[in-house]
Amino acid sequence: EKAGYEHYMRKEIHEQPTALRQTLSGRVDVDRARVDLDVSLPEAFLERVEEVQIVACGTSYYAGRYAARLIESFADVRTTVEIASEYEFGAGRDPDRTLTIAVTQSGETADTLGAIRRADSAGARTLAVTNTLGSSVTRAVDDAVFIRAGPEIGVAATKTFASQVTTLALLAVALGRERGTLSAARARSVLEDLRGLPGAVQQALDAEADVVTAAERYCDEDAFFFLGRDLGVPVALEGALKLKEIAYDHAEGFPAGELKHGPLALVTDRTPVLAVLTEGGAPAETMTNVTEAQTRGADAIGCVSADREFGTLDVAFEVPDVGLLEPLVANVYFQLFAYHVANEKGRAIDKPRNLAKSVTVE
Ligand code: M6R
């Protein structure tokens with residue numbers, strides 16, 4: 001069942017190129033700059049929509065944070081992302097002009113179901129982005145879109161993060177085209193990048209041996225800080241979550257600019273920093289913050305766009321050119337890093353202590 005892999009998590013990390021091809025299959029028409037997601041949001045609603053709300057938990061929440069930036073930029077509509085257990089519809093909102101999206105791999109997460117039901121009761125239009133046909137969330141919403149990543153068994157969400165962001169990126173392009181806010185030329189360029197994503201992820205997977213070397217070198221450190229800006233922020237947060245969840249190490253993600261506003265006091269020569277230094281993640285500015293950490297003795301591991309070089313990094317992982325999707329490739333390196341650190345420590349990777357794959361209590 002694990003097809004020769006010692007853990008489902010590693011198998012699922014390696015399934016990402018296939019999962020992404022399935023996510024994209026039949027949905028993209030680059031020449032016509034069109035996306036077909038099989039969701040029939042009425043045109044009149046798309047014209048009047050003033051706010052998109054995303055509700056989700058854990059890794060799905062970080063996928064939502066990534067996507068929100070794309071939706072705002074392509075569709076020119078205010079997009080908020082909330083942790084589902086904290087979500088309220090919000091005073092002053094007009095339900096008639098609001099689209100609330102539940103992002104959930106399992107479709108069974110109680111907090112997310114609770115949130116989308118609150119949106120529904122308030123009168124908002126609701127959409128589920130899920131991996132699971134027939135799941136509870138699909139019955140609670142007006143429309144559902146499937147991410148088609150295939151079954152995910154490991155408790156740590158991996159391939160579903162990439163497929164969630166990809167599906168939501170398609171939605172962002174579709175909204176932008178429908179609303180007339182995204183030019184055909186820009187849509188084509190984004191769709192080309194999406195088409196290139198499976199191959200780019202494969203290149204990261206092919207460099208796994210370098211990640212193993214880094215994991216061996218750093219697995220016994222005191223803590224790990226993940227830094228990013230813009231689209232690199234959700235990836236930094238997700239990278240830290242993965243390391244906590246399966247390696248039981250102290251890890252935190254920060255918007256890189258925040259480091260100097262407090263967390264820098266924690267940085268020592270025993271706290272490596274891992275940074276997203278790619279397109280879509282303001283790499284030059286992020287590197288300035290990485291250097292602040294290095295000055296305090298920390299080693300720096302960076303995921304870097306193929307056409308850039310930051311010579312002072314202690315470890316660099318190369319990210320192929322896929323535009324705004326490059327932070328998603330950095331995420332694959334972070335997944336491999338967490339996996340190999342956990343493996344060095346002999347952790348129960350597929351079933352980490354205290355956690356369940358789907359959390360059906362509020
Ligand atoms: O099934 P869902 O996407 O709704 O699950 C949400 C979270 O429970 C989930 O992403 C969790 O954070 C993962 N175990 C993280 O790897």
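One-based numbering, in listed order, for ligands and for the atoms of each.
Applying the 4.0 Å criterion to heavy atoms of S60 picks out, from ligand 1, the atoms 2 (P), 3 (O), 10 (O). Counting atoms of ligand 1 from 1 in the listed order, those under 4.0 Å from a heavy atom of K242 are 15 (C), 16 (O). Applying the 4.0 Å criterion to heavy atoms of Q105 picks out, from ligand 1, the atoms 1 (O), 2 (P), 3 (O), 4 (O). Within ligand 1, the atoms closer than 4.0 Å to a non-hydrogen atom of A157 are 15 (C), 16 (O), numbered from 1 in the order shown.
When only interatomic distances are considered, the shortest N/O to N/O separation between T109 and ligand 1 falls below 3.5 Å. Taking any N or O of K357, backbone or side chain, none lies under 3.5 Å from an N or O belonging to ligand 1. Taking only nitrogen or oxygen atoms, main chain and side chain alike, A156 does not reach within less than 3.5 Å of ligand 1.
With ring centers used as reference points, Y5 lies under 6.0 Å from H14.
With atom 15 (C) of ligand 1 as the reference point, the heavy atom nearest to it among T132, T59, V359 is part of T59.
Cation-pi geometry between R353 and Y248 is met: the NZ or CZ atom falls under 6.0 Å from the ring centre, inside 45° of the normal. Under a cutoff of 6.0 Å and an axis angle of 45°, K242 and F334 do not form a cation-pi pair.
For the pair R48 and D96, the salt-bridge criterion is met [side-chain N within less than 4.0 Å of a carboxylate O]. Comment: E72 does not engage R78 in a salt bridge, judged by the lack of any side-chain N to carboxylate O separation of less than 4.0 angstrom. Residues R270 and D222 are paired through a salt bridge, judged by an N-O separation under 4.0 Å between the basic side chain and the carboxylate.
The closest protein non-hydrogen atom to atom 14 (N) of ligand 1 is E245 OE2, 2.6 Å. In this structure, atom 6 (C) of ligand 1 lies nearest to the protein heavy atom C57 O, 3.4 Å. Looking only at protein heavy atoms, the nearest one to atom 1 (O) of ligand 1 is S106 OG, 2.7 Å.
Side-chain atoms of S163 and R148, non-hydrogen and from C-beta on, never get closer than 4.5 Å to each other.
Aromatic ring orientation, F161 versus Y66: perpendicular (interplanar angle above 60°, classes split at 30° and 60°).
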